[in-house]
A.B. asks: 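First the structure, which I've put down as structure tokens, then a few questions once you've had a look.
Any value given below was found using the heavy atoms of this structure, including those in side chains, with hydrogens, waters and symmetry copies removed. Counting convention: from 1, in listed order, for ligands and their atoms alike. Given the structure is predicted, the values throughout are model-derived calculations rather than measurements.
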Amino acid sequence: MTAHLELDFDLNHFHLENFDTQLANVCDQLATQGYVVLHDLFPQPMLQALLNGITGLRQEDFKAAAIGRQQDQQVIESIRRDKICWLNETMDFTQAYFAWSERLRLAVNRYLYLGLFDQEAMLAYYAPGAFYKRHLDAFRGQTNRKLTSILYLNPDWQPGHGGELLMYEGDEIEPFQVVEPRFGTMVIFLSERFPHEVSLSHHDRYSLTSWYRINDGMPGH
Ligand code: OGA
Ligand code: MN
């Protein structure tokens, strides 16, 4: 009996020490509604460093975004017009971002038991006139993407610039959530659950998307 109580105490102590209110809040909302929109997640200097790194990328680093998976990939301009660049930890400006997303992955695994194994991170650039029609990031049983996070990096975004993220529930015609792609706003959602689209953007628009994957041998992208 005594031993049991001591074990309980130790576990509680462990939880308290590692408790991160912000991540716990994210996990809570993912558990109850499947998505969360956050506005003040990252400190401004971190966002600024990220933006500086991104705007320092060369035109050649970007390629036209495709849809479909692996050898079936096709560039279809009537569906999406953004340009993309895959990011990785070896780029020095991405370090803080990857460190945070690793903490998110671990928190989600601990609280929601999603078993997320790794992540892939992609920067998308929408030139004026670009959009991305309604789609799902993952079809149940067809990819290993389980969780999507999108961080917006548009310091001067204003209503009228467009490029909002419209989120839908099932086949509904009207979005239940419109996310303005403001500097530092992040949206996180279950990849298989919410169809979404990027409305026509009239302005340069950057978004940094991560897909967190389970390890089930399915191809990712
Ligand atoms: C995507 C996507 C949304 C956004 O790349 O799959 O839906 O707001 N992006 O950039
Ligand atoms: Mn998407």
A.B. asks: Using a 4.0 Å heavy-atom threshold (strictly under), name the region of Glu197 that reaches ligand 1: side chain, backbone, both or neither.
C.D. replies: neither
A.B. asks: Starting from atom 10 (O) of ligand 1, locate the nearest protein heavy atom and write down its residue, its atom name and how far away it is, to 0.1 Å.
C.D. replies: Ser207 OG, 2.7 Å
A.B. asks: For ligand 1, which atoms sit closer than 4.0 Å to a heavy atom of Arg80?
C.D. replies: 5 (O)
A.B. asks: Is there a side-chain hydrogen bond (donor to acceptor under 3.5 Å, both in side chains) between Tyr97 and Ser210? Walk through the geometry before answering.
C.D. replies: CA-CA 10 Å; Tyr97 172 78; Ser210 285; 2.6 Å; yes
A.B. asks: Check ligand 1 against Val198 and write out every atom of the ligand that is under 4.0 Å from a heavy-atom position of the residue.
C.D. replies: 3 (C), 4 (C), 8 (O), 10 (O)
A.B. asks: Which atoms of ligand 1 have any heavy atom of Trp211 under 4.0 Å away?
C.D. replies: 6 (O)
A.B. asks: Hey, which atoms in ligand 1 end up nearer than 4.0 Å to a heavy atom of Met122?
C.D. replies: 5 (O)
A.B. asks: Angle subtended at the Mn ion (ligand 2) by NE2 of His196 and OD1 of Asp137, to 10 degrees?
C.D. replies: 100°
A.B. asks: Between ligand 1 and Thr209, is the shortest N or O to N or O distance under 3.5 Å?
C.D. replies: no
A.B. asks: Would Arg205 count as being in polar contact with ligand 1, using the rule that some N or O on each side must be under 3.5 angstrom apart?
C.D. replies: yes
A.B. asks: Applying a 4.0 Å heavy-atom criterion (strictly less than), which segment of Lys133 is in contact with ligand 1: side chain, backbone, both, or neither?
C.D. replies: neither
A.B. asks: Flag the pair Asn144 / Phe117 as yes when at least one side-chain heavy-atom distance between them is below 4.5 Å, and no otherwise.
C.D. replies: no
A.B. asks: Ion pair present between Arg145 and Asp137, side-chain N to carboxylate O less than 4.0 angstrom?
C.D. replies: no
A.B. asks: I'd like the name of whichever of Tyr126, Tyr132, Phe131 reaches closest to atom 1 (C) of ligand 1 through any heavy atom.
C.D. replies: Tyr132
A.B. asks: Under 6.0 Å from the six-membered ring centre of Tyr125 and within 45° of its axis: does the NZ or CZ of Arg205 meet both?
C.D. replies: no
A.B. asks: Mark up the atoms of ligand 1 that fall under 4.0 Å of a heavy atom belonging to Tyr152, in ascending order.
C.D. replies: 4 (C), 8 (O)
A.B. asks: Have a look at ligand 1 and work out which part of Asp137, if any, has a heavy atom under 4.0 Å from it: side chain, backbone, both or neither.
C.D. replies: side chain
A.B. asks: For the residue pair Tyr35 and Phe194, is the inter-centroid distance of their aromatic rings smaller than 6.0 Å?
C.D. replies: yes
